[in-house]
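Some notes on the structure that comes next.
As a basis for the values below, the full set of heavy atoms in this structure was taken, side chains included, without hydrogen atoms, waters or symmetry mates. First the proteins, then the strands, lettered A, B, ... as listed; each starts at 1.
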Amino acid sequence: MEEFRVPVEEETYISLLKVCEWNRATQEGTRVYSRISKSTTHLSIRLGNALLSMFVRFGNLLDACLSIDPDLMTMTSVISASELLGDEKFGRGVHGYVIKAEFGIDVSVNNSLIQMYSSVGNFEEAEKLFCRMGSKDVVSWTAMISGYEKNGLPDKAVETYNQMEFEGVTPDEITIASVLSACASLGLLDTGIKLHELSNKTRLIEYTIVRNTLIEMYSKCRLVDKALEVFKQIPEKNVISWTSIISGLRINNRSLEALKFFRQMKLSLKPNLVTLVAALSACARVGALTYGKEIHAHVLRSGLGFEEFIPNSLLDLYVRCGRMDYAWVQFNAHKEKDVSSWNIILTGYAERGDGKLASDLFQRMIDEGVNPDEITFIALFCACSKSGMVDEGLEYFNVMKNRYSITPNLKHYACIVDLLGRAGFLQEAVEFIEKMPMKPDPAVWGALLNSCRIHKQVELGELAAKCIFEMDSESVGYYVLLCNLYSDSGKWYEVARVRKMMNERGLTVDPGCSWVEVKGSVHAFLSGDESHPQTTEINAVLEGLDERMKTAGFEIPRNSLADKVEASKADIFCGHSERLAIGFALINTVPGMPVRVTKNLYMCGDCHNMVKFISKVVRREITVRDTEQFHHFKYGICSCGDEGYWRRLSK
DNA sequence: GTAGGGTTAG
């Protein structure tokens with residue numbers, strides 16, 4: 001840069017600073033700064049802000065602060081800049097300056113300080129400031145509420161909101177949005193509904209942000225139809241409205257509908273990264289490989305292929321669709337792999353019951369200098385459990401605590417109970433639970449109950465169930481497990497008793513549903529649904545296969561449609577919908593083409609047998625991904641160890 | 001004349 005020969009106007013400095021800032025020209029920028037500080041003793045606010053903005057972009061906050069004689073507005077900018085960069089130390093420095101320069105009575109300055117402290121998780125400081133503030137406004141309250149909400153303390157957020165209401169402060173749309181978000185994460189439907197009513201009364205409902213968070217709240221409280229209703233009422237839906245409803249449907253197991261909304265959205269709006277991640281997640285849940293690949297092509301074309309969560313979402317898509325080949329291509333193409341990338345691919349092998357490969361991968365991950373996190377170990381425990389690698393699993397449990405200093409949480413304990421129990425070490429599993437340093441939750445007992453089902457240990461299973469229902473009598477999954485334990489053990493009277501209990505408590509099991517992709521689009525099959533136009537043909541194919549199985553000397557699986565006496569076998573909650581999906585795929589695809597099915601429940605033993613047989617006689621590879629694992633059928637053999645490790649043990 | 005604080009979706 002040339003020396004300036006003429007007196008330079010402020011405007012010129014500002015332009016120069018902007019050029020340096022945008023070109024990240026640190027040295028030149030610093031030279032301009034030193035020239036400015038030599039040529040003038042007084043900085044105008046505009047010049048100060050330009051300098052500040054440049055230094056902030058360079059990450060040099062100290063210079064940023066020293067370069068100016070800040071006023072109130074500049075102070076708030078500096079504070080929010082330090083929050084943006086997560087630099088609490090600097091923020092504290094500014095705080096000190098605020099006190100010295102007597103800015104401390106300004107509400108806005110204090111609000112930004114509260115925000116800064118709570119966003120770095122320093123609630124002690126934020127609360128202290130908040131309490132000491134002579135005059136608080138709605139922004140101060142909202143800063144506290146959203147601070148709690150975003151940093152994992154949603155209950156404190158709701159509490160603070162109640163306090164605010166008590167003190168007679170009127171909330172605005174941002175307050176409502178923040179507290180609704182907290183209700184969403186807590187599943188506080190009652191409070192959420194009250195806020196909805198309040199929004200109607202105060203007309204705050206007119207703000208799209210309020211409706212958007214209502215969509216989130218209702219979705220997370222499992223009332224996705226209510227969310228749809230709110231969505232329809234938004235006159236000008238923005239990207240967040242669409243993304244909220246797409247992910248709302250996704251988390252309520254309505255991914256196919258979610259994709260429908262995604263398509264519709266694209267007619268009028270451009271999806272952003274968050275939308276794309278939600279859409280990819282929906283694709284992954286229903287095995288929509290072709291559509292997912294289209295999105296992949298689209299993100300590559302628009303240069304977003306390696307932005308933020310996109311690479312890992314794509315990886316997850318391929319793993320869940322059972323395409324480990326694509327998954328590896330994606331994994332290797334992604335240069336900035338993080339621990340999640342490794343976790344996704346590890347989970348893939350865990351779901352396939354490939355403990356050996358998972359443990360090799362774990363070693364590779366360590367060798368490449370990636371630090372495992374708690375999810376890594378959950379994946380590892382699952383892999384070990386499904387492969388019967390008990391000793392290895394227990395060893396990882398020690399390694400996790402001792403080498404990686406990760407304190408086991410309830411999920412880890414549940415995994416270990418599963419590891420021991422599945423392998424038949426039920427007594428050890430019980431002792432393990434007794435020695436836990438915290439109160440076992442329903443999931444821990446659920447792992448034991450599942451093991452009891454596998455090993456037909458009715459009495460111990462009943463004990464586990466009793467512990468579960470004392471804490472959680474709402475989750476249907478545990479009733480299903482208990483029913484299956486009884487039915488596997490031939491205790492029909494008990495099965496009927498549990499089912500009656502479920503009815504009395506108004507609990508229903510999701511209907512069985514299977515998805516299959518044929519010629520690029522996904523078709524859904526509900527168990528027992530005969531409304532599909534090709535039902536007759538599908539049934540004919542399945543009956544034909546039944547015949548062939550009979551001739552081949554197989555035990556004939558019962559036909560789900562003719563299934564009248566329900567509580568008579570281990571598969572009462574399977575629904576057999578995968579049979580319909582497979583039948584449909586066989587009719588509509590060319591011979592030899594692999595069939596990939598995804599289902600929302602566990603696959604029962606009968607279906608497992610039947611699919612094994614089908615894969616043999618029609619000479620097709622058939623993949624069924626159920627809620628627990630992948631079953632890859634080929635030549636009459638399943639990848640889960642023919643009948644699955646746990647199935648063999650239970651015989 | 002303009003500017004600063006709290007803002008929803010993964």
Any side-chain N or O of [X] under 4.0 Å from OP1/OP2 of [N]?
X	N	value
A/Lys150	B/dT8	yes
A/Ser181	B/dA9	yes
A/Ser146	B/dT7	yes

At 4.0 Å (heavy atoms only), tell me whether [X] reaches a base, stays on the sugar-phosphate, or touches nothing.
X	answer
A/Asp106	base
A/Ser108	base
A/Asp137	base

Contact list please: [range] against DNA chain B, heavy atoms, distance less than 4.0 Å, in numerical order.
range	answer
residues 165-179 of chain A	A/Asp172, A/Ile174, A/Thr175
residues 186-204 of chain A	none
residues 281-303 of chain A	none

Would you mind writing out the side-chain donor-acceptor pairs for residues 192-201 of chain A within the sub-3.5 Å range, not counting sequence neighbours?
unit_1	atom_1	unit_2	atom_2	d
A/His196	ND1	A/Tyr218	OH	2.7
A/Ser199	OG	A/Leu195	O	2.6

Query raised in the report: Less than 3.5 Å between a donor and an acceptor, one on the side chain of A/Asn312 and one on the base of B/dG10, is that the case here?
Result: no
Query raised in the report: Who pairs with A/Trp342 by ring-ring contact (aromatic ring centres under 6.0 Å, His included), at least two apart in sequence or on another chain?
Result: A/Phe331
**Report entry** Results of ring-ring contact (aromatic ring centres under 6.0 Å, His included) for A/Tyr326 - residues two or more places apart only
**Finding:** A/Tyr318
Using side-chain hydrogen bond (donor to acceptor under 3.5 Å, both in side chains) as the criterion, list what pairs up with [X], not counting sequence neighbours.
X	result
A/His334	none
A/Thr376	A/Asn343, A/Asp373
A/Arg352	none
A/Asn162	none

Report task. Measure from the side-chain heavy atoms of A/Thr213 and tell me the nearest of B/dA9, B/dT8, B/dG4. Result -> B/dT8
Query raised in the report: By side chain to side chain contact (heavy atoms under 4.5 Å, CB included), which residues pair with A/Leu300, not counting sequence neighbours?
Result: A/His296, A/Phe306
Query raised in the report: What pairs with A/Ala157 under side chain to side chain contact (heavy atoms under 4.5 Å, CB included), at least two apart in sequence or on another chain?
Result: A/Ile145, A/Tyr148, A/Glu149, A/Ala182
Requested in this report: Dump the intermediate steps for ring-ring contact (aromatic ring centres under 6.0 Å, His included) on A/Tyr117 and A/Phe130, then the final yes or no.
Outcome: CA-CA 11 Å; A/Tyr117 280 121; A/Phe130 182 71; over 10 Å; no
